[in-house]
Amino acid sequence: MNKLAVLLSIVSLLAFTSPVLAQSQRGVAARQAQADNNTNRNQRISEVLDRIIDKATTRYQRYEEFIGKLESRRARLAETGVDVTELDNSIRLSKSALGNVRGTINTAKETFANLDLSQNPGEIRRQVVAEITNIRQAFRELHRSVANAVAIASRLSN
Amino acid sequence: MARRSTQKSEFNILLPSLALSALVFLLAIAVATGVRQPQQVVVSADNDTYLSESDDIESLENDLLLLESDNLLEEQTILQNIQ
């Protein structure tokens, strides 16, 4: 009789604990899947941000090269006796704008590196968009200034 | 037996022509394959050497357009990436 009581106790204990254990295992699996998803998502975000910085750096280098060509043009004009003061000022402004672009890229790079990817996606997006807007604005100013320098060089060349 | 011998001599006469035809055929395939190979891309969006080497005004103006196009393209790409 005692044996039967023990057996019944064990069976009832198993009957109660099995669903709890199964649920617990499902919970662990779900948490693992969620962690994997987060890791993949963070990796994708990091890749996109790295690409943004790389592309911006390449564009920066192209403008740097372009300003070098403007300086070369300026030297040729000066050799022919043309007054290049206005062009000098314009090139100086272009170089300053170029430095500003470099600054915004560096700031964005630092912000992206320190970005807490576990936070709310809306907040991540807000910070990323803010940095991209700064870079875009700096490039627009740089482009305006080099376009102005080219217009001056064109006028002096005629 | 005589017919077989005639066929063999005809084959021997035709053999150089057949070999030449095969060679020409193989050459034609080689040329066609060579032509179909993709040409190397000289200018790409990621290449930082697309600016011309000249500092002539016309080159500067053309390069300015390329830079502006590149900016617009890049802005569009970024917008698509972050949406």
Side-chain angles (χ1 to χ4, degrees), chain A residues 44-45 47-77 94 101 108 121 124-133 135-140 142-158, chain B residues 14-83:
Chain A
R44 278 202 305 277
I45 293 174
E47 283 169 7
V48 168
L49 298 181
D50 284 349
R51 211 178 309 141
I52 289 171
I53 295 295
D54 286 348
K55 295 264 185 183
T57 306
T58 305
R59 282 158 68 204
Y60 164 84
Q61 287 165 346
R62 286 186 190 130
Y63 275 98
E64 193 175 34
E65 185 187 345
F66 186 77
I67 290 174
K69 282 173 54 174
L70 269 172
E71 286 181 313
S72 163
R73 182 72 199 167
R74 177 250 172 234
R76 288 214 290 152
L77 284 168
S94 296
V101 166
I124 295 174
R125 186 185 154 83
R126 191 194 65 73
Q127 291 182 48
V128 170
V129 168
E131 295 301 335
I132 289 172
T133 305
I135 293 176
R136 185 173 61 187
Q137 186 60 30
F139 267 112
R140 283 183 180 171
L142 172 60
H143 191 84
R144 266 198 296 273
S145 73
V146 292
N148 185 48
V150 170
I152 294 168
S154 176
R155 180 159 39 81
L156 294 177
S157 300
N158 289 330
Chain B
L14 285 173
L15 191 61
S17 304
L18 285 171
L20 190 64
S21 300
L23 188 65
V24 170
F25 181 65
L26 288 174
L27 275 174
I29 288 175
V31 169
T33 311
V35 168
R36 281 179 196 166
Q37 275 179 351
Q39 291 179 345
Q40 280 193 329
V41 178
V42 177
V43 174
S44 74
D46 288 329
N47 189 343
D48 59 351
T49 60
Y50 72 65
L51 299 180
S52 68
E53 288 181 6
S54 167
D55 62 356
D56 288 340
I57 290 299
E58 198 178 333
S59 300
L60 289 172
E61 285 171 346
N62 287 337
D63 286 348
L64 200 60
L65 275 175
L66 285 175
L67 287 168
E68 189 165 21
S69 309
D70 202 16
N71 284 345
L72 293 172
L73 195 67
E74 191 52 32
E75 283 178 13
Q76 194 186 8
T77 308
I78 289 173
L79 281 175
Q80 283 171 351
N81 269 328
I82 61 171
Q83 270 173 357

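So that the names make sense, note that chain A is the first sequence line, chain B the second, and so on, each numbered from 1. Keep in mind that this is a model prediction, so the values were computed, not measured.
Other residues, nucleotides and ligands place more than 12 heavy atoms under 6.0 Å from the CD atom of A:E64.
Once rounded to the nearest 0.5 Å, the distance linking CG of B:N71 with CZ of A:R140 reads 9.0 Å. Atom CG of B:D63 sits about 10.0 Å away from atom CG of A:L70, to the nearest 0.5 Å. Taken to the nearest 0.5 Å, the CG atom of B:L72 stands 12.5 Å off from the CZ atom of A:F139. Atoms NZ and CD, on A:K55 and B:E75 in that order, are 13.5 Å from each other to the nearest 0.5 Å.
Using a 4.5 Å cut-off between heavy atoms, A:S157 contacts chain B through its side chain alone, with no backbone atom that close. Interface remark: B:E68 contributes backbone and side-chain atoms alike to the contact with chain A (heavy atom separation under 4.5 Å). Heavy atoms of B:S54 lying under 4.5 Å from chain A belong exclusively to its backbone. For A:R59, the part sitting under 4.5 Å from any heavy atom of chain B is the side chain, from C-beta outward, and nothing else.
Salt-bridge formation is detected for the pair B:D56/A:R76: a Lys NZ or Arg NE/NH1/NH2 atom is positioned less than 4.0 Å from an Asp or Glu carboxylate oxygen.
Taking A:R136 as the reference, nothing meets the salt bridge (charged side-chain N to carboxylate O under 4.0 Å, His left out) condition, with sequence neighbours excluded.
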Throw together a table of side-chain donor-acceptor distances under 3.5 angstrom for residues 144-153 of chain A, partners on residues two or more places apart or in other chains.
residue: A:S145; atom: OG; partner: A:S94; partner atom: OG; Å: 3.4
residue: A:S145; atom: OG; partner: A:L142; partner atom: O; Å: 2.9

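Of the possible donor and acceptor atoms, none in the side chain of A:K69 sits under 3.5 Å from a partner among the backbone N and O of B:E53.
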>> A:Y63 vs B:D70, test: side-chain hydrogen bond (donor to acceptor under 3.5 Å, both in side chains). Steps then yes/no.
In response: CA-CA 11 Å; A:Y63 275 98; B:D70 202 16; over 6 Å; no
